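Down below is the structure, laid out as structure tokens.
We count ligands from 1, going down the list as the structure has it; atoms in each ligand are counted the same way. Here the structure is a predicted model, which is why all the values come from computation and not from measurement. All values below come from the heavy atoms of this structure, side chains included, with hydrogens, waters and symmetry mates left out.
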Amino acid sequence: MRRRATFVPYRPKSILNKQKRPDHWFWTRYSAYPYVGCQHGCEFCYCRERKYCPYDDVSDFAYVIRVKENAPNLLRQALSRVPVAPIFTGDYQPAERKFGLSRQMLEVCHDLGFPVFILERSPLVLRDMDLLQSIDARAGVIVAFSVISTPDSPGYERVRRMERLAPAPEKRFAAMEQFAKAGIVTGTCLMPVLPDLCDDDDNLECVIRWTAEHGGQFVLASGLTLADQQRDYFFDVMGECYADLLDRYQALYPEGSYGPVWGRWREIALRVKELCAQHGIADRIPRPIMRGHKRILNQRIVEALANQLYYMELDGAPDRRVWAYRKAAWAIEDLEQDVGLVYRMMGLKGLESIPNVGSQLARVVERLIKELESEN
Ligand code: SF4
């Protein structure tokens with residue numbers, strides 16, 4: 001018999017996680033969530049890692065949901081004190097029907113003008129379409145759906161077992177279509193790409209085709225990570241339900257590894273890129289540009305550098321080159337002047353004077369300025 005969920009209200013002291021800059025994957029600088037634990041209970045979920053999972057028994061993660069009853073107030077206080085930047089929020093597991101905290105947190109984002117990024121496995125997010133449209137008009141919204149296989153995928157039933165408590169992928173794609181029709185940027189996070197379960201070409205093509213057919217603008221893929229108690233839990237599930245793959249996963253993820261120690265991630269990511277191009281969508285999330293932002297060109301250049309460094313990593317470029325791009329992207333993110341103005345006033349020398357840019361990257365930035373300005 002399916003175990004029933006229990007809900008444990010509590011009042012945390014803080015709710016907002018902050019980073020110095022937006023990350024280069026989701027383009028968010030903040031995150032805040034109303035619940036701990038997730039009734040969708042995906043077997044691979046990284047939130048079972050010790051640092052995110054406060055349960056003595058890891059299997060409670062899907063059935064004992066801690067409810068941050070003061071989440072909206074905490075969020076309002078916290079966002080009132082920080083610069084406006086995109087926030088990763090929303091959690092539409094079944095608890096949301098009962099408590100409605102995700103909606104109240106979105107209301108705070110709306111009132112304070114914060115752009116929002118949501119990543120969901122549930123179509124319940126459609127309930128808040130009205131509010132998301134208002135936030136989109138004011139500040140910007142992206143609603144992404146986590147999908148790792150489709151009913152057309154060869155191994156669908158087997159993969160579906162991994163996330164059997166979450167709503168079916170068809171429902172997520174139907175929701176994606178509704179957001180696309182409403183003019184909200186939407187797409188797929190193909191995460192995690194599970195070795196030998198959903199990393200085959202047919203599945204990648206299915207997920208990308210379904211995304212394009214339902215109005216999605218991107219498919220962002222990434223691999224599986226396994227740490228501490230999450231790894232133990234995952235291997236127990238593998239032993240019970242995927243015994244034929246257990247040895248292979250244990251070899252890919254030896255004790256203390258976190259990511260796979262070998263495998264074909266680069267090949268898969270390049271294939272995702274190729275298939276996305278064939279279906280006319282992106283393999284990266286487009287950076288949301290905040291309306292009225294003073295340094296839009298800087299943000300666009302950071303986005304271009306971040307995308308370039310991602311492809312350099314896939315192509316096996318030396319670490320020091322990748323790091324040079326990353327540091328230049330951070331420097332331009334932090335720059336308080338408009339980079340186009342710096343270039344117009346001081347030319348290449350001005351770009352070279354930006355910390356961590358240097359002469360080689362200055363020429364890359366110069367080319368990007370010319371390309372991006374000619375597009376406008
Ligand atoms: S829906 Fe997301 S947060 Fe919930 S269990 Fe699945 S992977 Fe984890």
Does Arg284 count as lying over the ring of Tyr310, i.e. NZ or CZ under 6.0 Å from the six-ring centre, within 45 degrees of the axis?
yes

Can you find a heavy atom in the side chain of Pro288 that is under 4.5 Å from one in the side chain of Ile142?
yes

Would you please determine whether Ala166 falls within less than 4.0 Å of ligand 1 on a heavy-atom basis?
no

Kindly identify the option in His40, Glu163, Arg121 whose heavy atom sits closest to atom 7 (S) of ligand 1.
Arg121

Could you check whether Asp338 pairs with Lys294 (Lys NZ or Arg NE/NH1/NH2 to Asp/Glu carboxylate O, under 4.0 Å)?
no

Which protein non-hydrogen atom lies closest to atom 8 (Fe) of ligand 1, naming both residue and atom, and how far is it?
Cys45 SG, 2.3 Å

Using 2.8 Å as the threshold, say whether any N, O or S atom from Cys47 sits that close to atom 6 (Fe) of ligand 1.
no

Are the ring centres of Phe99 and Phe7 closer than 6.0 Å?
yes

Is the gap between the ring centers of Tyr30 and Phe88 under 6.0 Å?
no

Identify, for atom 5 (S) of ligand 1, the protein heavy atom at the shortest distance, and state residue, atom and that distance.
Cys42 N, 3.2 Å

Could you find the nearest protein heavy atom to atom 4 (Fe) of ligand 1 and give me its residue, atom name and distance?
Cys38 SG, 2.3 Å

